[in-house]
Enquirer: 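The structure's right below; bear with me while I get my questions together.
Numbers here are sequence positions counted from 1.
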Amino acid sequence: MSRPRIVIVGAGFAGYRTAKELSRKARGKADITLLNPTDYFLYLPLLPQVAAGLLEPRRVTVSLSVTLPQVRLVLGEADGIDLDARTVHYTDPEGSGGTLGYDRLVLAAGSVNKLLPIPGVAEHAHGFRGLPEALYLRDHVTRQVELAAAADDAATCAARCTFVVVGAGYTGTEVAAHGQLFTDAQVRRHPLRKGMRPRWLLLDIAERVLPELDVHLSRTADRTLRERGVEVRMGTSVKEATPDGVLLTDGEFVETRSLVWCVGVRPDPLAESLGLPMERGRLLVDPNLQVPGRPEVFACGDAAAVPDLENPGQFTPMTAQHAWRQGRTAALNVAASLGAGVRRPYEHRDLGFVVDLGGVKAAANPLGVPLSGLAAGAVTRGYHLAAMPGNRVRVAADWLLDAVLPRQAVQLGLVRSWSVPLDTASPELARVPGRPQARQEADARSGPGAATEQETRPGRKATEPPAPAVGEADAREPTVVASAGEAVISEAKARVAAEHESPERRVPVQELPERRGPVQKSPERKAPEPAKNQPGGEPAKHQPGPEPAKSQPAPEPAKNQPDGEPAQCPGPVKRTDADPAEGDS
């Protein structure tokens with residue numbers, strides 16, 4: 001008799017805990033498969049410390065194959081689930097498809113950036129949901145400070161050293177707190193103009209910082225941020241984003257090159273694609289984490305709407321604390337459905353919260369006891385070390401080194417702006433040339449609160465009414481880069497046009513005989529398709545190619561450009577909102 005097959009989709013807090021517990025409960029009695037785009041579990045609460053240069057990236061990642069030796073790891077993104085056939089279809093990192101059959105399915109796909117129809121946000125904002133986004137933000141902030149120090153005029157210096165964070169929940173508050181310390185340390189090495197210092201703004205339409213937590217934690221965080229120099233503006237958000245800055249809802253225009261989007265998360269679009277009952281984009285489940293009518297399907301974490309038994313009529317919030325504990329309950333109930341153990345409903349009482357504010361500052365209320373300052377900082381770091389499933393010694397070593405040595409503020413340039421678009425269903429993956437982006441392009445705008453294509457594309461009509469402002473705080477406990485496709489295409493076309501118009505950049509035909517074909521004089525020669533090979537670009541059918549050869553003398557294209565060259569992207573493309581001196585971001 002064959003062993004039952006268990007497939008877990010996603011290795012976030014819920015999926016990783018489910019796989020960990022099931023591997024212990026099954027003990028060789030079931031085949032457990034974990035489907036995930038990356039080979040690591042990401043400890044999200046420490047991601048702001050990666051962006052601030054405090055922790056190295058690998059410190060917050062835990063190897064799945066090492067810590068889950070009895071679980072089969074399949075790298076790929078689930079792009080379709082057939083509930084009747086009990087199969088999961090996925091696409092691996094190289095674009096090949098595959099199918100996994102299951103007897104029990106655990107959907108723990110997690111969440112993605114929450115998009116809202118505010119003009120310019122999708123084009124000019126930076127998300128903060130995955131490791132690639134944190135690495136990009138670290139490079140971007142470092143570059144802005146260095147360019148500001150070398151700027152010739154005060155206005156450019158001020159704009160480059162102004163950083164706007166939207167959303168005063170866990171993520172936004174910690175990013176602003178760590179960011180201010182990071183940039184202050186940098187300007188000690190790269191002094192700005194006399195009297196100038198980095199400026200950080202934290203915006204939210206809520207009445208207070210950390211509105212989902214108790215008043216003590218909110219006041220502690222607010223006081224610490226203001227003492228550090230962060231401008232905390234409650235009841236204010238972004239009305240429109242432009243390449244030169246952001247227009248706030250109070251009418252002020254803030255010149256900046258950095259907009260960090262931390263307004264919250266939405267469930268992964270995969271849950272919505274199942275066609276099952278939903279609750280604000282989350283898959284409805286019973287207290288046992290089973291999908292009604294589909295007893296073989298379980299769901300937990302941000303993708304599931306789990307009834308809150310402590311507060312009847314409500315659902316548990318999308319926090320890492322709930323996801324971690326729901327993963328354990330899901331594992332126990334999956335095992336019980338196979339005859340091992342007894343089912344149990346999900347129940348949980350909060351043990352307290354911790355908010356890391358950088359340095360030795362933090363806000364915490366373990367077991368309801370309010371703490372601040374050094375005591376809160378010690379409790380916060382102790383909690384993270386205890387909660388991490390690995391790398392504890394390495395994390396503690398980095399903290400110790402940071403206490404006695406200055407941070408290394410350098411640009412590694414590993415992640416480019418077009419690699420981490422805000423409009424994506426896979427924030428854990430950086431875009432790379434040649435990898436299929438079908439699910440990202442098709443699904444990133446779906447789900448509640450997502451911006452539509454008409455609302456976020458660059459060609460938005462001026463006659464359309466302005467979108468409502470937003471700055472709501474995210475509910476993720478622990479928790480600039482836009483839709484890069486069209487920007488890549490327009491930049492590539494501009495580069496090709498410049499090469500035709502600039503005499504000094506023209507390359508004689510005889511210098512590159514190996515890169516061009518024979519001169520085509522036929523007026524029926526097909527035009528190249530610039531969009532087809534662009535990284536992250538739209539399909540070619542949505543982007544017209546250059547003018548046909550019949551509209552100009554036949555020898556000109558071959559003379560000034562190697563055959564087929566417009567179809568290639570020679571390297572990462574500069575952001576459209578970047579200063580020419582900034583370089584590729």
Enquirer: Looking just at side-chain N and O atoms, do R219 and S372 make a donor-acceptor pair shorter than 3.5 Å?
Expert: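 Per modelled atom types, R219 and S372 side chains form no pair under 3.5 Å.
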
Enquirer: I need the minimum non-hydrogen distance between P37 and L429, along with the two atoms involved.
Expert: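 Minimum heavy-atom separation between P37 and L429: CB-CD1, 3.6 Å.
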
Enquirer: Could you report the tightest heavy-atom contact between Q49 and H178, atom names first, then the distance?
Expert: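 Minimum heavy-atom contact is CG-CE1, 3.6 Å.
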
Enquirer: Is a side-chain N or O of Q321 found less than 3.5 angstrom from the main chain of G352, in a donor-acceptor match?
Expert: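 Here the side-chain-to-backbone pair exists.
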
Enquirer: Assess, by modelled atom type and distance only, whether the side chains of E133 and N113 contain a donor and an acceptor separated by less than 3.5 Å.
Expert: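 On atom types as modelled, these side chains qualify, holding a pair under 3.5 Å.
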
Enquirer: Are L55 and V395 close enough, and set up right, to give a side chain to side chain contact (heavy atoms under 4.5 Å, CB included), and what steps lead you there?
Expert: CA-CA 7 Å; L55 292 179; V395 170; 4.2 Å; yes

Enquirer: Nearest 0.5 Å, what's the NE2-CZ distance between H140 and R257?
Expert: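 Reported to 0.5 Å precision, the distance equals 9.0 Å.
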
Enquirer: Could you please spell out the steps behind the salt bridge (Lys or Arg N to Asp or Glu O under 4.0 Å) verdict for D139 and R143?
Expert: CA-CA 6 Å; D139 273 5; R143 177 171 55 253; 5.6 Å; no

Enquirer: Hey, does the side chain of N391 reach the backbone of R58 with a donor-acceptor pair shorter than 3.5 angstrom?
Expert: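 A pair under 3.5 Å: yes.
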
Enquirer: Rounded to the nearest 0.5 Å, what separates atom CG in L203 from atom CD1 in I205?
Expert: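 Going from CG on L203 over to CD1 on I205, the span is 11.0 Å.
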
Enquirer: In Å and rounded to the nearest 0.5 Å, what is the CG to OG1 distance from L247 to T242?
Expert: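 That separation rounds to 8.5 Å.
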
Enquirer: With no hydrogens and no angle check, just 3.5 Å: does a side-chain donor-acceptor pair link Y16 and T67?
Expert: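 Note: Y16 and T67 side chains meet the donor-acceptor criterion.
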
Enquirer: Mark yes or no for whether T256, through its side chain, and G245, through its backbone, hold a donor-acceptor pair below 3.5 Å.
Expert: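 Checking the backbone N and O of G245 against the side chain of T256, no donor-acceptor pair under 3.5 Å is found.
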
Enquirer: Aromatic rings F41 and W324: how do their planes relate, parallel, tilted or perpendicular, breaks at 30° and 60°?
Expert: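 Ring orientation of F41 relative to W324: tilted.
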
Enquirer: Can a donor-acceptor pair be found, under 3.5 Å and without considering hydrogens, that links the side chain of R392 to the backbone of L385?
Expert: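 Yes.
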
Enquirer: Apply side chain to side chain donor-acceptor pair (under 3.5 Å) to R129 and S111, showing your working.
Expert: CA-CA 9 Å; R129 286 290 303 155; S111 55; 3.0 Å; yes

Enquirer: Working to the nearest 0.5 angstrom, can you tell me the gap between T61 OG1 and L46 CG?
Expert: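 That separation rounds to 11.5 Å.
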
Enquirer: Can you see which heavy atom on P45 is nearest to which on E174, and at what distance?
Expert: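 Looking at all heavy atoms of both residues, the shortest contact is O-OE1, 3.7 Å.
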
Enquirer: Of V260, V246, L202, which is the lone residue that meets side-chain contact (heavy atoms from CB on, under 4.5 Å) with V164?
Expert: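 Answer to the side-chain contact (heavy atoms from CB on, under 4.5 Å) test with V164 among V260, V246, L202: V246.
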
Enquirer: Is a donor on one side and an acceptor on the other found under 3.5 Å between the side chain of R381 and the backbone of W399?
Expert: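 No: the side chain of R381 does not pair with the backbone of W399.
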
Enquirer: Working to the nearest 0.5 angstrom, can you tell me the gap between E77 CD and N36 CG?
Expert: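 Going from the CD atom of E77 to the CG atom of N36 covers 9.5 Å.
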
Enquirer: What pair of heavy atoms forms the shortest contact from T220 to A362, and how long is it?
Expert: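 Closest approach of T220 to A362, heavy atoms only: CG2-O, 3.9 Å.
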
Enquirer: Hey, mind stepping through L131 and L47 against side chain to side chain contact (heavy atoms under 4.5 Å, CB included) and telling me if it holds?
Expert: CA-CA 7 Å; L131 190 57; L47 204 58; 4.0 Å; yes

Enquirer: Do side-chain atoms of R407 reach the backbone of A52 as a donor and acceptor pair under 3.5 angstrom?
Expert: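 It does hold such a pair.
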
Enquirer: Do any N or O atoms from the side chain of R193 and from the backbone of D152 form a donor-acceptor pair under 3.5 angstrom?
Expert: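 Looks like yes, one N/O pair under 3.5 Å.
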
Enquirer: Hey, does W200 have a side-chain heavy atom less than 4.5 Å from the side chain of L225?
Expert: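 No - every pair of side-chain heavy atoms lies 4.5 Å or more apart.
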
Enquirer: Got a donor-acceptor contact below 3.5 angstrom from the D92 side chain to the L75 backbone?
Expert: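 No, D92 side chain to L75 backbone: no donor-acceptor pair under 3.5 Å.
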
Enquirer: Is the count of non-hydrogen atoms from other residues, nucleotides or ligands lying under 6.0 Å from E255 atom CD greater than 12?
Expert: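 Atom CD in E255 is not packed in, count stays at 12 or less.
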
Enquirer: Say whether, by atom type as modelled, one donor and one acceptor occur between the side chain of R208 and the main chain of L210 under 3.5 angstrom.
Expert: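 Pair found, side chain donor or acceptor close to backbone of L210.
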
Enquirer: Which atom names give the shortest non-hydrogen contact between A149 and P191, and what distance separates them?
Expert: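 So the minimum-distance heavy-atom pair works out to CB-O, 3.8 Å.
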
Enquirer: Between W261 (side chain) and K114 (backbone), is there a donor-acceptor pair under 3.5 Å?
Expert: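 A pair under 3.5 Å: yes.
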
Enquirer: From L64 CG over to Y40 OH, what is the distance, rounded to the nearest 0.5 angstrom?
Expert: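 If we round to the nearest 0.5 Å, L64:CG and Y40:OH are 10.0 Å apart.
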
Enquirer: Just wondering, do R197 and Q180 contact through their side chains at under 4.5 Å, heavy atoms?
Expert: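 Of all side-chain heavy-atom pairs linking R197 with Q180, at least one is under 4.5 Å.
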
Enquirer: Please find the pair of heavy atoms, one from H384 and one from Y43, that lie closest to each other, and give the distance.
Expert: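 For H384 and Y43, the tightest heavy-atom pair comes out as ND1-OH, 3.0 Å.
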
Enquirer: List the steps and the verdict of side chain to side chain contact (heavy atoms under 4.5 Å, CB included) for F182 and V145.
Expert: CA-CA 10 Å; F182 183 45; V145 173; over 6 Å; no

